[in-house]
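These notes concern the structure reproduced below.
Just so you know, ligand 1 is whichever comes first in the structure, and atom 1 is the first atom listed for that ligand. Keep in mind it's a predicted model, so treat the numbers as computed, not measured.
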Amino acid sequence: MTHEPSLRERDAAAIWHPATHFADLERVPPLPIVAAQGVWLRDASGREILDGIGSWWTSVHGHCHPHIAAAIARQAATLDHVMFAGFTHEPAVALAERLLALAPREPGQPGASAYGKVFFSDCGSASIEVALKLAFQSRLQRGQPHKRRFATLANSYHGETLGALAVCGSATWREPFGPLLRESIVLPCPALPEHRHAWLDDPDAGAAAPETAQAIALLEAHADELAALIVEPIIQCAGKMRMPGVGYLRSIAQACRRLDIQLIADEIAVAFGRTGRMFACEWAELAPELVCLSKGLSGGTLPLAATLIRRGFEHDFAGEPSRSFMHSHSFTANPIACAAGLASLELFEQEAVLARTSSTIARLGTLAAALAADSDAVLAHRQAGMVVAFDLDARRGPSDGRLSLALRSAALERGVLVRPLHDTLYWMPALSITAHELEHLAEVSAAVVHEVLG
Ligand SMILES: *Cc1c(COP(=O)(O)O)cnc(C)c1O
């Protein structure tokens, strides 16, 4: 009799999973998922799992929203793909128009979008590469070839391709590939471990931190060689959900303007309502030269990315063909992905998503405070919009040091998906999560903290 291999066995034989230790595959084998709806994943045994992290920060309106699914099906049956050099199509143009209309305003001019062009690509890291290359080439063609370096913030994350990796401020990501990477200038960045959502309205939050003055001094010292500074506005998601404060962001952005250093905002994880506004930059009234988008751009359904480009930036690329930006990806502006993006933006209007989210944000804050009060293993907790993070006392964790794995496994046993960043447990659900589902997420989180940390 031949043995019919299970999906797990076939997976183990054929697949190399991202961000996964081979040694952990036995202990926590990849879980087969067969369907998803709203914030719920269904595994092969029919069990429902609450997705507390929006499938790695991508899901905006919940899984398989019928409006997006219908748009994808329609587009797939009409025009699946066409090369984007020399061709164009309605979904890409309509999505670009809509993004430009929603994009951050020119500071002091509430009526005018600060952005004039959209460059599409297909993943977050690619949108970062596009921004870095645009910034570099614009300097060359402005006659400033000495301005060729990048600055980044300590503890930051910008993706895994070599250019993006080079501007990751956290050595964790960079280290194994160090010899392959250009060196960036890393600016100190405050951590406000008790950041509250209301602080987003405080234009000075973090401005007086010692790191702010140190960062500005470094920008001043290196201004002659800096093309651009790249930042994750409001939340350093992969960097344990640190929230440096609106005032810090405003201060360094101001210094950049004064010193002729372009600003690149990596909004890949924080755009599309995640902080309570469409774009996180809005809290600091910023209009960076370049804004990188992905993850929630398609509502979290298909790979798609975009780099928004400030009005006028393109002038440096006019003239001789040799001055063109020669960058392309095979799936640039894929029509199906763009149709999903458009449908997602339509939902923001139809379902008044941002207005609805403000009450969800308040509920999240209440539940987070309750969890923090419930266990002295929670050392600090913070919130910005739909993102809440808890710093846990790692000394009380398992003796093998694998705290995140222990928390993740304990939560999964209770039917909840969380994936702590070592000792930082966080919630980052789809914006569509209901009050009842949030309460469930909070209850299970509290039980898991007690189980693992005592
Ligand atoms: C996820 C992420 C990236 C990388 O995007 P990919 O699509 O995974 O390449 C870059 N920057 C930030 C802030 C991210 O969260």
Within a distance under 4.0 Å of any heavy atom of [X], pick out the atoms of ligand 1 and give their elements.
| X | result |
| --- | --- |
| Lys295 | 1 (C), 2 (C), 3 (C), 14 (C), 15 (O) |
| Ala269 | 15 (O) |
| His158 | 10 (C), 11 (N) |
| Trp57 | 15 (O) |

(request) Give the minimum heavy-atom separation between Ala164 and Glu160, together with the two atoms involved. (result)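 Residues Ala164 and Glu160, closest heavy atoms: CB-N, 4.3 Å.
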(request) Grab the two heavy atoms, one from Ile361 and one from Gly276, that are nearest each other, plus how far apart they are. (result)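 Looks like CD1-CA, 3.7 Å.
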(message) Quick one about Thr424 and Asp391 (side-chain donor to acceptor, distance below 3.5 Å, no hydrogens or angles considered), yes or no?
(response)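 Their side chains do contain a donor-acceptor pair, which is all the 3.5 Å distance test asks for.
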(message) Looking only at side-chain N and O atoms, does Gln262 offer a donor or acceptor that is under 3.5 Å from a partner on Ser138?
(response)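 Their side chains do contain a donor-acceptor pair, which is all the 3.5 Å distance test asks for.
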(request) Give a yes or no on whether the backbone of Ala191 and the side-chain of Arg382 come within a donor-acceptor separation of less than 3.5 Å. (result)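 The answer is no, because no donor-acceptor pair under 3.5 Å joins these two groups.
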Can you say whether the rings of [X] and [Y] are parallel (under 30°), tilted (30 to 60°) or perpendicular (over 60°)?
| X | Y | value |
| --- | --- | --- |
| His65 | His67 | perpendicular |
| Phe390 | His381 | parallel |
| His327 | Phe325 | parallel |

Should the proximity of [X] to ligand 1, defined as any heavy atom under 4.0 Å, be assigned to the side chain, the backbone, both, or neither?
| X | result |
| --- | --- |
| Cys123 | both |
| Glu160 | neither |
| Glu232 | side chain |

Where is the nearest protein heavy atom to [atom]: which residue, which atom, and how far?
| atom | answer |
| --- | --- |
| atom 7 (O) of ligand 1 | Gly124 N, 2.7 Å |
| atom 11 (N) of ligand 1 | Asp266 OD2, 2.6 Å |
| atom 9 (O) of ligand 1 | Ser125 OG, 2.6 Å |

(request) Would you check whether Trp56 reaches within less than 4.0 Å of ligand 1, judged by its heavy atoms? (result)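 Trp56: no contact with ligand 1 (<4.0 Å).
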(request) Determine, using heavy atoms of Ile128 and all atoms of ligand 1, whether some pair is separated by less than 4.0 Å. (result)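 So Ile128 does not count as touching ligand 1.
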